[in-house]
Number of protein chains: 2
Amino acid sequence: MPRIDSAQRIDRKAAILDAAERCFVRSGFHGASMSDICGEAGMSPGNLYRYFPSKEAMIEGLCERDFAELGAGFSALARAPDIWEAFEALARFHMIEEPRESCQLWVEIMSEVARNPQIGALRKKIDQFIETKIRFALEMARDRGQTAPDADLDPAVQFLITYADGLMLRRARDVNFDPKPHVALMFSILRSMLLPPATPASARLTTP
Amino acid sequence: MPRIDSAQRIDRKAAILDAAERCFVRSGFHGASMSDICGEAGMSPGNLYRYFPSKEAMIEGLCERDFAELGAGFSALARAPDIWEAFEALARFHMIEEPRESCQLWVEIMSEVARNPQIGALRKKIDQFIETKIRFALEMARDRGQTAPDADLDPAVQFLITYADGLMLRRARDVNFDPKPHVALMFSILRSMLLPPATPASARLTTP
DNA sequence: AAAAAGAGAATGAACATTCATTTTTATGAG
DNA sequence: CTCATAAAAATGAATGTTCATTCTCTTTTT
């Protein structure tokens, strides 16, 4: 087992995760066999095990990578000149441009989250990170006068997270689901929550 | 193999599905073994196989039962005197009163839907059924003057379905997620879509 | 006493992982 | 440049386990 991860080794690991991802989408984390993954990666089991010590480690590596990519997208929000535009671009990317397979993997990961404490911990971190970033972006938008000055941001943040999850789930389960108009609807609702008249008090979340 | 399903036999099958459900929530459809299920059901494998011919058949049976229960709830909507109230009661039931385990099973089922054509077909049927029932209920509400007369129902229907899925996913993945305020937010948004002023044209779904 | 319900050991396939071995790559002395 | 050699990369058959399913036998019910 090599001490350091050379660039080549990192590439190889990424390629293995790509292959594993295809298998997992096809058959699920527990339905896909190591033999399937070896076949998809064009690699013998003996060799594959030099890169990942177990199937568990591969699942964890895949979740880590997925979460990291998601986090990077949200990190970039704060740096965007136009926040609304950046938000819409990010949503378009995750819900429309990314293939449906990403949504299937997302649902698979979510159903693993409750079972596997290791992955559950990763999920918690990324969830909190994303929530913070969305909140921060909306605050920036408000400071720049791009929302109503007294807009209540909490319900908007919660709405976005929940609705995005719903879109992922619907896209994953229905081949014919076209996310485009649904993303448009999401932003239309978000605007109606943040632009003039403020959300009525009855709709505020007390303990979100 | 008995020709007919006596009442006793149906009860027994239901009890087996209950046990299987607990195992599936704990370990997933493919992580739970028949031996686990036999243990949970207090039954030998030889006997269990008299009720379900295979594990596959048990998973299918469980999905069928879950979908049927869901459908029954939505069927009842049309018969309710106050549709808003009935709607809120149904949402409260599925999102709040039902234990978190139901949401975990829902996510598990959804990730199976894409892989297993048998279950995929069941999903399609129930999805269309629910959409029809929600639409019908909203139409009734509009006819009774409980919404704006020119309210655009399509976006509202799609919003409800997507948001409910999002809530299920969030509750499944986060033990600390409290659905109560989120269901309130859902209805607050729904009301703002259906009560005066009508949803702006830009938010309409063209091909939902 | 026949039929239904149930038990639990047996079976064979599939699986994750390991191991003995071979092939490739990189290195440096002649 | 070239060849010897050691490290790294890769192979695929072997291993031991787990699992879904079956089979034979016993108990309970009618």
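This is a predicted model, so every value here is computed, not measured. In what follows, every chain begins at residue 1, and chains take the letters A, B, ... in the order their sequences are listed.
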Between C1' on D/dT22 and CZ on B/Phe52, what's the gap in Å once rounded to a whole number? 19 Å

Report the distance from atom CD of B/Gln8 to atom P of D/dT28, rounded to the nearest whole Å.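 Answer to the nearest Å: 16 Å.
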
Looking only at the side chains, is there a donor atom on one of B/Asn116 and B/Glu56 sitting less than 3.5 Å from an acceptor on the other? yes

Using a 4.0 Å heavy-atom cut-off, write out nucleotides 6-17 of chain C from 5' to 3' as B (base contacted by protein), S (sugar-phosphate only) or - (no contact). BBBB-----SSB

Taking B/Asp178 first and then B/Arg171, would you say they form a salt bridge - that is, a charged N and a carboxylate O separated by under 4.0 Å?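 Salt bridge between B/Asp178 and B/Arg171, a charged N being under 4.0 Å from a carboxylate O: no.
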
May I have all residue pairs that pass side-chain hydrogen bond (donor to acceptor under 3.5 Å, both in side chains) and include part of residues 81-93 of chain A, sequence neighbours excluded? A/Glu88-A/Arg191

List the residues meeting side chain to side chain contact (heavy atoms under 4.5 Å, CB included) with A/Ile16, not counting sequence neighbours, and say none if there are none.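 A/Met43, A/Leu48, A/Tyr51, A/Phe52, A/Met58.
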
Among B/Met168, B/Glu108, B/Glu98, which residue meets the side-chain contact (heavy atoms from CB on, under 4.5 Å) test with B/Cys103?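 With B/Cys103 as partner, side-chain contact (heavy atoms from CB on, under 4.5 Å) holds for just one option, B/Met168.
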
